[in-house]
Amino acid sequence: MILVAGSVNIDFAVQVQALPSPGETVLGGPYRVSPGGKGANQAVASARAGARVCFVGCVGTDDHGQQLRQALDAEGIDTAYLRSVADQTGAAFVTVGADGENAIAVSSGANRALQASDLPELGGVTHLILQLESPRDAICAFAQAAHRAGVHITLNAAPAQALDDGLLRLVDLLIVNAGELETLCGPQVGRDLESQLKVMAGRGPHAIVVTLGADGAAVWANGQFHRTAAFNVPVVDTTGAGDTFVGVLVASLPHMDLASAAQRASAAAALTCTRSGAQISMPHSPAIEQLLT
Ligand code: ADP
């Protein structure tokens with residue numbers, strides 16, 4: 001079973017011609033309200049790819065919290081460890097440009113309440129997925145417990161933040177986009193991808209996958225560097241592509257090697273780009289298999 005611990009948000013999204021510059025107001029189309037949050041998105045992507053998933057996180061006691069719990073339940077995800085707390089449910093305000101690029105501001109709300117004691121017993125859990133939208137203390141405590149229990153740990157170090165090696169040393173698989181990799185490496189490491197990967201591998205993770213948008217992904221494992229091309233699809237909205245990639249990759253790990261799992265994740269993420277929204281646009285297993293054949 002995959003345990004996903006992290007954020008769960010309600011997304012408010014509006015489509016505009018071009019993303020607003022600082023200080024600018026742009027007029028957009030109708031807004032859409034849908035379930036999101038990096039943690040919940042990755043849980044949904046994993047479940048749709050065929051994995052058994054349990055989600056750990058916090059929602060508020062408002063209507064949005066109820067709605068998000070129901071959305072996860074509807075995917076067959078175990079929500080027994082989704083705690084309701086007296087706060088607003090987390091919310092993300094997403095602006096999507098005509099080219100599919102997006103800009104997102106997040107109000108964390110209830111997500112800030114996640115704590116070490118929220119972690120369930122790890123019996124039956126083989127893989128843990130973490131991101132950086134939750135309190136760092138909780139993330140580190142979860143990683144330490146999972147490491148002790150021999151659970152495979154994937155850290156999606158998003159949104160971009162610097163990290164100390166204490167957490168990185170516990171991580172089996174690090175997944176980042178190019179910007180997040182640059183933030184992790186710091187300014188002293190050049191922009192060459194292979195050099196950045198070598199530096200990060202020296203800080204702990206056994207394997208690293210870097211997502212590169214329309215340029216696909218790069219995989220670093222056992223000292224070997226491997227590139228996966230992106231699938232050529234008509235792009236409508238890239239929201240949720242990174243989360244789909246993470247969720248599907250980890251769901252695939254028990255069944256194939258890392259390079260093949262990255263390929264399957266890439267197909268799933270491309271399909272997410274062909275439709276608007278985060279969770280609503282994530283593919284189920286048959287559609288992923290079809291794109292791969
Ligand atoms: P993030 O959304 O976290 O910044 P990326 O933009 O790197 O992540 O996208 C994650 C993955 O989604 C990529 O590795 C790729 O597989 C897929 N993807 C993203 N943009 C496109 C695109 N324009 N066409 C096809 N696949 C894409």
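Both ligands and their constituent atoms are indexed starting at 1 by order of listing. Residues: numbered from 1 along the sequence shown.
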If you count heavy atoms of other groups shown closer than 6.0 angstrom to [atom1] of [X], is the number above 12?
X      : atom1 : answer
Asp192 : CG    : yes
Asp164 : CG    : yes
Glu289 : CD    : yes

Which of the atoms in ligand 1, numbered in the order shown and given with their element, are less than 4.0 Å from a heavy-atom of [X]?
X      : result
Val235 : 22 (C), 23 (N), 24 (N)
Phe231 : 24 (N), 25 (C)
Ser266 : 16 (O)
Gly216 : 13 (C), 14 (O)

What residue and heavy atom of the protein are closest to atom 8 (O) of ligand 1, and at what distance?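 The closest one turns out to be Thr211 OG1, 3.4 Å.
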Would you call Cys273 a ligand 1 contact, heavy-atom distance under 4.0 Å?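 Checking ligand 1 against Cys273, which is what was asked, there is a heavy-atom contact under 4.0 Å.
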My understanding is that only one of Asp243, Val8, Asn9, Thr244 makes a side chain to side chain contact (heavy atoms under 4.5 Å, CB included) with Asn41; could you say which?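 By the side chain to side chain contact (heavy atoms under 4.5 Å, CB included) criterion, Asn41 pairs with just one of Asp243, Val8, Asn9, Thr244: Asp243.
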Once you restrict to heavy atoms under 4.0 Å, what part of Thr244 touches ligand 1? Side chain, backbone, both or neither.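 It is neither; nothing of Thr244 touches ligand 1.
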Counting only heavy atoms, which portion of Asn177 has something under 4.0 Å from ligand 1: side chain, backbone, both, or neither?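 Side chain only.
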Heavy atom to atom 2 (O) of ligand 1, shortest distance: which of Pro234, Gly242, Ala269 holds it?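 Of the listed residues, Gly242 has the closest heavy atom.
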Option whose closest heavy atom lies nearest to atom 27 (C) of ligand 1, chosen from Ala160, Gly213, Ala241: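 Closest candidate by heavy-atom distance is Gly213.
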Under 30°, 30 to 60°, or over 60°: which ring-plane class applies to Phe12 and His64, parallel, tilted or perpendicular?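 Rings of Phe12 and His64: perpendicular, as their planes differ by over 60°.
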Considering all heavy atoms of both residues, which atom of Leu119 and which atom of Ala145 are nearest to each other, and what is their separation?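 Nearest pair, atom of Leu119 first, then Ala145: CD2-CB, 3.5 Å.
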Quiz question: by atom type and distance under 3.5 Å, do the side chains of Asp73 and Thr79 form a donor-acceptor pair?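 Their side chains do contain a donor-acceptor pair, which is all the 3.5 Å distance test asks for.
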